[in-house]
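The structure appears right after this line, and notes come after that.
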Amino acid sequence: MKLRLQLFEFEDLPWFPRVVRAGMMDYLRFMISTLGTYQPIVPLLRDALHATHQTQLLELCAGAGGGTEGVLRTLQATGLPAAQVTLTDLYPQPAAWQLLAARTPGLSYAPAAVDATAVPPGLPGFRTVFSAFHHFPPPLAEALLADAVRQGAGIGVFEGAGKHWLEILLAWTVLPVAQLLVTPFIRPFRLSRLLLTYVVPLIPLFTLWDGTVSILRMYPPAQLLALAHRADPQGRFRWQAGKVRHWWGPQVTYLIGVPADN
């Protein structure tokens, strides 16, 4: 699918209820972690960390931290035992992050809001963006990448889909059923999550809309490279983009940039 539509997602809207947003993010984290969605990109990320002589990851737009825990553990077990990650977001979710930090050595978080297009210099590390880059329209996407170039921080952008029509079909058929089945097992437990899933089903309905729009808003690899080159007109970074496939079928779309002098 080469089509990209700049539609809106409810979770992006400043007036959107935090309790509903948190429920949606908790579900996304649970599914990404359970399915190991981002495991296929670990070798790419490990190579980028070696190239930049880094062991610290700075995750931007972390949401509820979906996938981060598994990626960090795999990095630590496959050649980077000192790997660490700091979670950040414009809308921090300390309740979800505390749970991850308590059970995951090397995982921490910044409690203050962090703008991914203007990261404070006091937050170092190789930057990652999981499942969130599609939220940024082209000017802001370029600004996010340009800020990494300006500060000399390597960056990896990862989207847990290959941008196919079949993924939209799954979003409308299989995933809503899965959400109803798994919600009681999501931690930390929240009564509000149960009420807003089974009594007043706002979380499933908004998840259905936002999940569909996420795929339509995704940048395919060619567009990711075009954004990167506009954000880095002087060619200070080496960029690569593409897709990798999970062993059970789904794809992950990625863009990785590292300083050219590394």
Side-chain angles (χ1 to χ4, degrees), residues 12 14 25 38 41-42 44-69 71-72 75-76 80-98 100-101 104-159 219 224-225 227-241 254-262:
D12 291 341
M25 293 297 97
Y38 287 111
I41 60 87
V42 170
L44 293 168
L45 185 55
R46 185 172 58 243
D47 290 347
L49 289 170
H50 281 308
T52 54
H53 310 290
Q54 282 276 4
T55 58
Q56 177 69 45
L57 296 169
L58 180 67
E59 184 168 347
L60 308 174
C61 314
T68 305
E69 184 178 27
V71 167
L72 177 61
L75 283 171
Q76 292 170 336
L80 280 174
Q84 301 180 46
V85 62
T86 301
L87 306 180
T88 72
D89 199 285
L90 189 61
Y91 303 104
Q93 296 199 38
W97 295 348
Q98 286 169 4
L100 294 177
T104 310
L107 189 148
S108 61
Y109 60 90
V114 174
D115 181 350
T117 66
V119 177
L123 289 173
F126 184 93
R127 300 179 184 183
T128 59
V129 182
F130 288 98
S131 302
F133 195 69
H134 62 271
H135 290 281
F136 294 82
L140 289 179
E142 288 181 37
L144 186 154
L145 298 174
D147 187 67
V149 172
R150 184 166 49 251
Q151 298 197 44
I155 185 166
V157 170
F158 308 102
E159 298 278 14
Y219 297 96
L224 287 171
L225 280 177
L227 287 169
H229 292 146
R230 289 199 296 269
D232 180 23
Q234 296 179 334
R236 295 172 56 190
F237 273 39
R238 298 191 305 271
W239 299 96
Q240 66 177 102
Y254 71 88
L255 170 72
I256 293 177
V258 298
D261 55 2
N262 282 312

Parallel, tilted or perpendicular: rings of Tyr109 and Trp97 (30°, 60°): tilted
Validation row: Ile41, Phe130 side chains within 4.5 angstrom (heavy atoms): yes
Side chain to side chain, Thr117 and Asp147, heavy atoms closer than 4.5 Å: no
Candidate pair Leu80 and His50, rule side chain to side chain contact (heavy atoms under 4.5 Å, CB included), full reasoning: CA-CA 9 Å; Leu80 280 174; His50 281 308; 3.9 Å; yes
Minimum side-chain heavy-atom gap Leu87-Leu100 below 4.5 Å: yes
Side chain to side chain donor-acceptor pair (under 3.5 Å) against Arg236, all qualifying residues, sequence neighbours excluded: none
Reference residue Glu59; test side-chain hydrogen bond (donor to acceptor under 3.5 Å, both in side chains); the match among Thr68, Thr88, Thr86: Thr68
Distance in Å, Thr55 OG1 paired with Leu75 CG, rounded so as to fall on 0.5 Å steps: 10.5 Å
pair Leu45-Leu57: side-chain heavy atoms closer than 4.5 Å: yes
Phe133 and Leu224, any side-chain heavy atoms less than 4.5 Å apart: yes
Heavy-atom side-chain contact between Asp232 and Leu145 under 4.5 Å: no
Non-hydrogen side-chain atoms of His135 and Leu140 separated by less than 4.5 Å: no
